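All figures in this text were calculated on a predicted structure; none of them were measured in a lab. So you know, we letter chains A, B, ... as the sequences are listed, proteins then strands, and number each from 1.
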Amino acid sequence: MSVLSVLKERGFVDAVTHTAELEDYLENNRATCYIGFDPTATSLHVGSLVCIMALAHMQRNGHRPIALVGGGTGLIGDPSGKTEMRQIITQEQIDENKAGIRAQLSRFIDFSNDQALLLDNAQWLTKLAYIPFLRDIGRHFSINRMIKAESYKARMASEEGLTFIEFNYMLLQAYDFMKLAQNYDCLLQMGGSDQWGNIVAGIDLIRRTLGKQAFGITFPLITTAAGIKMGKTHKGAVWLDPDRFSPYDYYQFWVNCDDADVARFLALFTFLPMHEIEQVKTLQGADLNRAKTILAYEATKIAHGETEARNALKAAASVFGAIEVPDSLLPGATIPRGVHSPVTDDTVPATQMNEKDLVDNDLVIDLFTRTGLCSSKSDARRLVMQGGAYVNGNRVSGVDQRVENADLDQGEILLRAGKKKYHKIIVK
RNA sequence: GGUGGGGUUCCCGAGUGGUCAAAGGGAUCAGACUGUAAAUCUGACGGCUCAGCCUUCGGAGGUUCAAAUCCUCCCCCCACCA
């Protein structure tokens, strides 16, 4: 089965150029393909996961992926799919962000021995000279056609308008593709569906300048069953960087997905075989919840490693009660089977505090604020009044409740805000 | 450069001198119901030493007993004209 079929089957494919030729090309060649990533933040987030997984699939099927960091284009900003001009960032920020992105991609893709490449388009873009660029590249682009591109249309019609630098984004991305085709024999570009126009522009440019046939694949925009772009939670974006978004929260993000999304997400965000995932579609209730556990475990393992995935599973069990993973469910999964019973664990976020300052002195609501469980004292007060604050599993009775000796359970106090947020205080 | 219209609490958006911490919607949070889901219902949603007080309505001044609301200057955005 070709990669293209794999990607199609798993729900990665939105549109493809030259389907038959591409199929043929992938069957008979060790293809080099690329996806661009914006270095606008130190970390990638779940929104980029489809792209990352696609590259991983390419590698698993014997092809060579290139992750192109937009160090050059990042200085400009892609207008595609955005309603506002992007913030332009500095070179120093880009360098820092690149390092973080590389570390994260390494979890998904093997960069050793050049089996995959991480390149930066700043390499060639920053060297461009304006006149030669216009003469050699610019001449191939028709303004008439560009302004008809969906990515520009919206901005043309918007109040903010489109700046000239953004307008040039398409040329630069096409130039990237051409460079990669030239220097790395990379003839396939993939990306989100908003990249279609840019990808096609690159294919055209390659045909005109190099006389070669290049290809493009776009991925659908992944939304949740609720119709929202996935990857946002109360904590903001779901980052892949464990320092910005803990593996436990990452695990929880997946467990908390919508029922209707489980099978689709298993296909997209794990490597489990499709025939097993098919079965998940018929599950309901508690069984479906178990499938979510597997989704969360596998996704966490891919992004953060096995140890973190196990810890997250353990932490979830200790907080939410026993979790059962039957042998028969998704047998291809690597999750530890059986019943995971609640045990004390050390993965719940914890803060150390001094006993003297605490007992008989502090208000319970202060603890909620200090641990970050609540954003302000008013917030904590509100939580208590609404009955969502707990100390060691007991509902906090009133805003004036103080920390007592009896609250210390083996030197620890477990705070809970609402159903899902926990924080442990270790008293010294 | 000219003329006109705007900048309100996380977002959209009402509000033209006191009854405004500011309508309504969205997002979010809590409670109930559940399965750590969705839907639904209820409540909350600037801060604090919380039946009271303090700080917010682009920025800086001013008028007034009293301003998001009036005046002056400045900054930014948009439309049309040039």
Would you mind telling me which of [options] lies closest to the side-chain atoms of [X]?
X      : options             : answer
A:F320 : B:G47, B:G35, B:U36 : B:U36
A:K377 : B:U34, B:A37, B:C48 : B:C48
A:K420 : B:C33, B:A37, B:G35 : B:A37
A:K419 : B:C50, B:C45, B:U34 : B:U34
A:Q386 : B:A44, B:C50, B:A37 : B:A44
A:Y251 : B:G35, B:U36, B:A32 : B:U36
A:N256 : B:G35, B:U36, B:C45 : B:U36

Roughly how many Å is it from [atom1] in [X] to [atom2] in [N], rounded to a whole number?
X      : N     : atom1 : atom2 : result
A:I365 : B:C50 : CD1   : C1'   : 10 Å
A:R395 : B:A30 : CZ    : P     : 12 Å
A:D400 : B:U49 : CG    : C1'   : 13 Å
A:L266 : B:A37 : CG    : C1'   : 14 Å
A:D287 : B:A37 : CG    : P     : 17 Å
A:D379 : B:A30 : CG    : C1'   : 10 Å
A:Y250 : B:U36 : OH    : P     : 22 Å
A:L383 : B:C29 : CG    : P     : 12 Å

Do the ring planes of A:F253 and A:Y250 sit parallel (below 30°), tilted (30 to 60°) or perpendicular (above 60°)?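 Aromatic pair A:F253/A:Y250 classed tilted.
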
A:F269 and A:W254 aromatic ring geometry - parallel, tilted or perpendicular at 30°/60° bounds: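 A:W254 vs A:F269 ring planes: tilted.
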
Would you indicate what [X] reaches in the nucleic acid, counting non-hydrogen atoms under 4.0 angstrom: base, sugar-phosphate, or nothing?
X      : result
A:R290 : nothing
A:S376 : sugar-phosphate
A:I323 : base
A:D258 : sugar-phosphate

Below the 4.0 Å mark, does B:U49 have OP1 or OP2 next to a side-chain nitrogen or oxygen of A:R381?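 Answer is yes, contact under 4.0 Å.
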
Rounded distance in Å between the [atom1] positions of [N] and [M]:
N     : M     : atom1 : answer
B:G46 : B:U9  : P     : 13 Å
B:G43 : B:G26 : P     : 14 Å
B:C29 : B:C74 : C1'   : 40 Å
B:A38 : B:A44 : C1'   : 22 Å
B:C71 : B:G6  : P     : 13 Å
B:G18 : B:G13 : C1'   : 24 Å
B:U3  : B:U69 : C1'   : 25 Å
B:G24 : B:G35 : C1'   : 35 Å

Toward the 5' end of RNA chain B, by each residue's nearest nucleotide, A:G285 or A:D366: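 Looking at the nearest nucleotide for each, A:G285 comes out on the 5' side.
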
Assign each of A:D259 and A:A389 to its nearest nucleotide of RNA chain B by heavy atoms, then name whichever residue's nucleotide is nearer the 5' end.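 Final value for this comparison: A:A389.
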
Under the rule for side-chain hydrogen bond (donor to acceptor under 3.5 Å, both in side chains), what residues qualify as partners of A:R370, not counting sequence neighbours?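 If we apply the side-chain hydrogen bond (donor to acceptor under 3.5 Å, both in side chains) test to A:R370, skipping adjacent residues, the hits are A:D362.
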
Let me confirm one number: the CG-NZ distance from A:L119 to A:K98, rounded to the nearest 0.5 Å.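 Going from CG on A:L119 over to NZ on A:K98, the span is 9.5 Å.
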
Can you tell me the base-pairing partner of [N]? Count Watson-Crick or G-U wobble geometry only, both distances below 3.5 Å, and say none if there is no partner.
N     : value
B:C73 : B:G59
B:U3  : B:A79
B:U9  : none
B:G43 : B:C29
B:G35 : none

Side-chain touch A:L128/A:L172, heavy atoms, less than 4.5 angstrom: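 Touching, per the 4.5 Å side-chain cut-off.
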
Does the side chain of A:V69 reach to within under 4.5 Å of the side chain of A:Q123, using non-hydrogen atoms?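 Side-chain contact under 4.5 Å: no.
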
N-O pairing of A:D176 and A:K179 below 4.0 Å: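 Answer for the salt bridge query: no.
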
Run the salt bridge (charged side-chain N to carboxylate O under 4.0 Å, His left out) test against A:R145 and tell me which residues pass, sequence neighbours left out.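 A:R145: salt bridge (charged side-chain N to carboxylate O under 4.0 Å, His left out) contacts with A:D204.
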
